[in-house]
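Notes follow once the structure below has been shown.
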Amino acid sequence: MSASERKATEPSDLRYVNVDEEWEVQWWAVRFNATPEQVRQAVLDHGNDAQVIEQRLKEAARKSFTNMGES
């Protein structure tokens, strides 16, 4: 698979979130149901391990949903 074909499908290493390539940030954002900004911030806060990032983003989404409607 060429680099351009791989680029159209998914990152070459699914263990790590690469925020140096905009297309990869977009890909991870879709995968994690998050915004690109949330993905970048999660990497800054927790490192680039994809499993950790996924867990942190899910936790943040769950907290956000739980706090909706509370004053």
Side-chain angles (χ1 to χ4, degrees):
M1 176 181 290
S2 73
S4 62
E5 289 171 324
R6 184 172 50 245
K7 196 178 225 185
T9 57
E10 65 184 31
S12 60
D13 190 344
L14 296 177
R15 296 173 298 168
Y16 303 103
V17 178
N18 176 8
V19 294
D20 294 330
E21 295 287 341
E22 185 58 32
W23 72 268
E24 285 197 44
V25 174
Q26 295 293 332
W27 188 92
W28 286 108
V30 170
R31 178 165 175 149
F32 296 147
N33 193 29
T35 66
E37 293 77 22
Q38 288 170 317
V39 171
R40 285 187 198 93
Q41 189 61 52
V43 169
L44 283 173
D45 293 344
H46 306 289
N48 68 345
D49 183 293
Q51 288 181 334
V52 172
I53 298 303
E54 183 175 26
Q55 179 183 1
R56 297 297 185 234
L57 289 171
K58 283 181 179 179
E59 288 171 2
R62 194 168 35 250
K63 285 179 185 175
S64 176
F65 183 75
T66 301
N67 290 333
M68 286 177 53
E70 292 183 12
S71 35

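Values reported hereafter were calculated over all heavy atoms of this structure, with side chains retained and with hydrogens, waters and symmetry mates removed. Being a predicted model, the structure only gives us computed values, none of them experimental.
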Do the non-hydrogen side-chain atoms of Trp28 and Pro11 ever get within less than 4.5 Å of each other? yes

Considering all heavy atoms, the nearest Ala34-Leu57 contact: CB-CD1, 4.0 Å

Do other residues, nucleotides or ligands put more than 12 heavy atoms under 6.0 Å from Asp49 CG? yes

With sequence neighbours excluded, residues passing side-chain hydrogen bond (donor to acceptor under 3.5 Å, both in side chains) with Asp45: Gln41

Using the test side-chain hydrogen bond (donor to acceptor under 3.5 Å, both in side chains), find all partners of Asn18 that sit at least two apart in sequence or belong to another chain. Glu24

Among residues at least two apart in sequence or on other chains, which ones pass side-chain contact (heavy atoms from CB on, under 4.5 Å) with Ala29? Pro36, Val39

With Glu22 via salt bridge (Lys or Arg N to Asp or Glu O under 4.0 Å) - residues at least two apart: Arg40

Judged by atom type as modelled, is there a donor-acceptor pair below 3.5 Å linking the side chain of Trp27 to the main-chain atoms of Thr9? yes

Indicate, with yes or no, if Val52 and Val43 share a hydrophobic cluster defined by side-chain heavy-atom contacts under 4.5 Å among Ile, Leu, Val, Met, Phe, Trp and Tyr. no

Checking Gln55 now: which residues fulfil side-chain hydrogen bond (donor to acceptor under 3.5 Å, both in side chains) with it, not counting sequence neighbours? Glu59

Kindly state each residue pair satisfying ring-ring contact (aromatic ring centres under 6.0 Å, His included) with at least one member in residues 35-61, sequence neighbours excluded. none

Going by the rule salt bridge (Lys or Arg N to Asp or Glu O under 4.0 Å), which residues pair with Arg31 if we only count those two or more places apart in sequence or in a different chain? none

Suppose we screen for salt bridge (Lys or Arg N to Asp or Glu O under 4.0 Å). Which residues come up paired with Asp13, at least two apart in sequence or across chains? Arg15

Kindly write out the residues that satisfy salt bridge (Lys or Arg N to Asp or Glu O under 4.0 Å) with Arg62, not counting sequence neighbours, or none if the list is empty. none

